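Values reported hereafter were calculated over all heavy atoms of this structure, with side chains retained and with hydrogens, waters and symmetry mates removed. All values reported here derive from a predicted model rather than from experimental measurement. A, B, ... follow the sequence lines: proteins, then strands. Residue 1 opens every chain.
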Amino acid sequence: MLLRTLAHRSSTTEPPLMLLALALVVPAVALDHLSHTDTQALVTMPVYQVLHSLGDSLLALPLGAFAVWAGLRLSARFGLGSRTTSDVIARATVIAILFALMLVPGALLHEFTDALTHAHLLLAVQSHAASAPRSASLPAAVLAFVTHAFADAVEGQLLGLPTLTLAMSWKKGT
Amino acid sequence: MRTRRTFLQLGAAVGLGGFIRWQLDPTSGYLYGATQAFASVEAPQIPLASTRIPRFVETLPTFLGRRVSDTSIQVRMSEFQQKVLPDQMYAHLAKPFQDGTYLWGFGIKSGDDGGDGEDEEFEHGNAASWPGRTIVAQQGSPTTVTYRNNLSARAALLKYLTIDQTIHWANPLHQPGGLEPFEGAIPTVVHLHGGEVPSGSDGAPEAWFTRAGQHGAGYLTSRSTARNAAVYRYPNDQPATALWLHDHALGVTRTNVYSGLAGFYLVRDRFDTGRLDNPLGLPAGKFEVELLIQDRQFDTNGQLLFPDSTANPSLVDGPPGSPLVHPFWIPEFFGDAMVVNGRTWPRLQVEPRRYRFRILNASNARFLRMGLAEADTSALGPPMWQIGTDGGLMDRPMKFEGRTEPPNQRGGTRLFIGPGERADIIVDFATFARKALILTNDAQVPFDSGAPLSPGDPSREIIQFSVAKPQPGPDLTFDPNTGGALRGGPNQDAIIVRLANPTSGTLGTGVQPSVKRQLILFESDVRDLEGFQVGPTRHAVEHFINNTGWSGLQPATPAQPVPGSQRDAFGQGLWMTELPRVGATEVWEILNLTQDAHPIHLHLVQFQVLNRQAVAVDQRGIPAYLAAYATQFKGGTFIGVRPDGTRGPVDFPPGKIIPGYGPPNRSDIPNADGALGGNPAFRPFVVGPPLPPPPNEYGWKDTVKAFPRFVTRFVVRWAPTSTPLADVHPGDNRYSFDPTQGPGYTLHCHMLDHEDNEMMRPYLPVP
């Protein structure tokens, strides 16, 4: 029902949902991946890094699609139109904020995926990365995780928001 | 319609994303193999995930009937190929890899080479192997060993073991600091680990020699020989124990030992004879088995893989952490394949009776915490009874049940040994007939800041014992379960001379140390020069004992010796700070300011663990001592690691630790604790009671685990272990040789990657 409504609406005023979701998710995830990867690792294994980022983007696509759907509905309820550039930016911002919020539980899913597919990376100890402080209480650890995940998610929107805005403007322009 | 299509598209996207992530898995993903760069800078190598190596297929190579015992022995270091992985894994490989893994090892044969320098062909049975054949010496009967280095610059393995010339190393081609891999003849020198030997035969790091005839400044031979050889004399005065031979060349020990240059050296005495009729009744003959345990990594051609490239971020080891300073050196090597006596995950058929295992942890950096478990059910297997430590038999056996324990357990029911340590154990398989048992390991890497091993971690299993059906006839060998003693009785050696009381953690009765030393362990990092930063971007640059590098020179231009040090008289250009009097008894206190445990090894001597005591830490787990330590540094311009990760002059403000500077104060002036070493006193910072050593440290030790955030104390005496307390005083030499002469001895961390990069100091007893 939700998607049917969205599909109907987006067919008239917005680009297809999948296109908007891709425009939002792929750059945001790529920026996050970039900021969490050593320069040397990027230089020596560029194809691996691209594929890793692409895989994560595709896994996060449903979250992005939901953010687009919900963001467009919310924007409509707030009375945001789609005619002016500022309207488009405002709608894109609402979507980006929603996506950033979605990425907090998404970070948990990402950890889970890493544990499933990259078990050995957990043992990559050569960097001497210290394990988390052992004295951290559970609430503190959860808060730290949520804060870190949200900060990363917001960082990703630095690229996701402009590309989403462009995608929305492109359809409007055509 | 559009709704369904959108759902399908999203489902397909998730599926494709999951597939990509799955295939990027380093252990099994095809995409990973296709996208990665090669793991070695000099030869194309693709890591072989050890999960693809079949386990418990090949039989454990043993040394029964192959041990060498003679007063003169020849050892050749050469390159060869050996099947380390299961035979089937080499069958499909192209030439030359199908013949086996390229290794360097010891070829050992009895007899004298006559000192003429001729390089005799070693017949097949004496050919080089990994490990080398066990040498057996008799107490009181000296052994002369001629070591010859036949490793050429064209060795195939040299391409896989990249030698980093930026660390302080033997450097036979005089290319200091070169960023290119070394391509000359390999320097080697052999150390008899745990041996009471003259320093000229100790295998000092500077005593290396090459096939091409180049020599290090510490080179010495007890008689004239070929330029690519050295003749060492081992007095064999010490009581029965398991020593081991391994390479010790400056800055390349980690790669030389990794290549296979290691082997056992058993000392026998009139009680522990090694014969079936030995007075102690210990299992002997085919029931005495050496287990030389190491971890390794392999490539898809079945060759050794030693990470040296930023293109190898996967599997157990990541890339070099400080590539702008050390392009190929990695702080610690951890392999994903367990190797015993040169075979990955071997199996040994045993009879349901008692066996004696001489266990050696010869890994570069991996600690082992072991137990026995049934292969099918993981139920508890037979206990391991430890009867001996590094320096010989204990007074009585100690039982290690091998139960599952918390990851940070340090002295529980499992047999816990760090790199370089040995354990002499008895296992009784009598009640496990027709069962398979696994020697398990659960020590995290690094120990103990690393995450607990995952349930499927390949290093959890080491070797399988397949117990045969019950045999007729009683087992008349020594039964540790009856509580019988190993020393002090008839037909037994005297009880251990007690420098420390292990049950109370106090000095032994009548022991009066003349000197106390307080030394710190310190690690310098790229991002944080305080050494204890918690964060994901710490990369070790160097490790230090007492913040002093191997040479004892401060990192300044021009270089200045550490205040209070003395120049070595042998001409190696080293500055020594630890100069104990021969015959003296000292208490050493090691405060570990790094995040992980370090196995600290002293040459020449055996010592006894006194106790360990925690130090106060702040909320981040950082020792409070560190701040007090830092305040004593007065600042200045020294060579260090700059914020951009390169090495060069750095302005250190007062109150900032200067890596490699040495201690902040003169090391020869006692501090408030009355201890030498040049550091602020430890006493104000210790918390809680001193903890006596765990039972597997109740005997003589030459290597001790120094845990992070702890002071580790031991009592050491520069005299043979069996010398009664009253028979030796400072200045008395009770050795059969003069230990005050020659190039000297060393004390170092036995994580080979650490000792290669400055965590080693020379020392020499003085008259």
Side-chain angles (χ1 to χ4, degrees), chain A residues 1-8 10-11 16-18 21-22 25 36-41 43-62 64-66 69 110 113-135, chain B residues 2-3 6-7 9-10 13-22 24-27 29 31-32 34-37 49 307 309-311 313-321 323 330-332 334 336 445-446 449-451 453-454 456-457 525 533-540 595-596 619-621:
Chain A
M1 179 65 186
L2 295 175
L3 284 174
R4 185 177 297 154
T5 309
L6 175 64
H8 174 71
S10 66
S11 68
L17 177 143
M18 289 295 285
L22 282 167
V25 172
H36 283 84
T37 309
D38 282 350
T39 311
Q40 293 149 27
V43 170
T44 52
M45 297 182 69
V47 180
Y48 171 89
Q49 305 302 345
V50 168
L51 286 172
H52 190 143
S53 177
L54 180 64
D56 282 355
S57 298
L58 293 173
L59 286 170
L61 203 58
F66 180 80
W69 171 79
H110 182 259
T113 310
D114 268 351
L116 277 181
T117 62
H118 278 58
H120 270 78
L121 282 186
L122 298 177
L123 301 172
V125 294
Q126 204 57 73
S127 63
H128 247 199
S131 49
R134 293 174 188 146
S135 59
Chain B
R2 185 181 286 266
T3 307
T6 305
F7 268 121
Q9 285 172 337
L10 287 172
V14 170
L16 181 61
F19 179 79
I20 290 173
R21 290 301 307 271
W22 173 40
L24 284 175
D25 181 1
T27 61
L31 273 176
Y32 179 81
T35 58
Q36 71 167 333
S309 162
T310 52
S314 68
L315 299 176
V316 185
D317 293 281
I330 57 171
E332 285 144 14
F334 299 112
D336 64 347
V445 290
S449 73
L453 298 186
S454 66
D457 191 288
D525 303 310
Q533 182 70 41
V534 175
T537 53
R538 282 182 66 248
H539 296 299
Q595 288 193 83
D596 296 308
Q619 288 181 328
R620 297 168 297 166

Partner chain B: residue of L54(A), L61(A), L58(A) with the largest heavy-atom pair count (under 4.5 Å): L58(A)

Rounded distance (nearest 0.5 Å) linking atom CG of L22(A) with atom CD of Q9(B): 9.0 Å

Reported CZ-to-CG distance for the pair R21(B) and L59(A), which is rounded to 0.5 angstrom: 7.0 Å

Rounded distance [0.5 Å steps], NE2 in H52(A) versus CD1 in I20(B): 11.0 Å

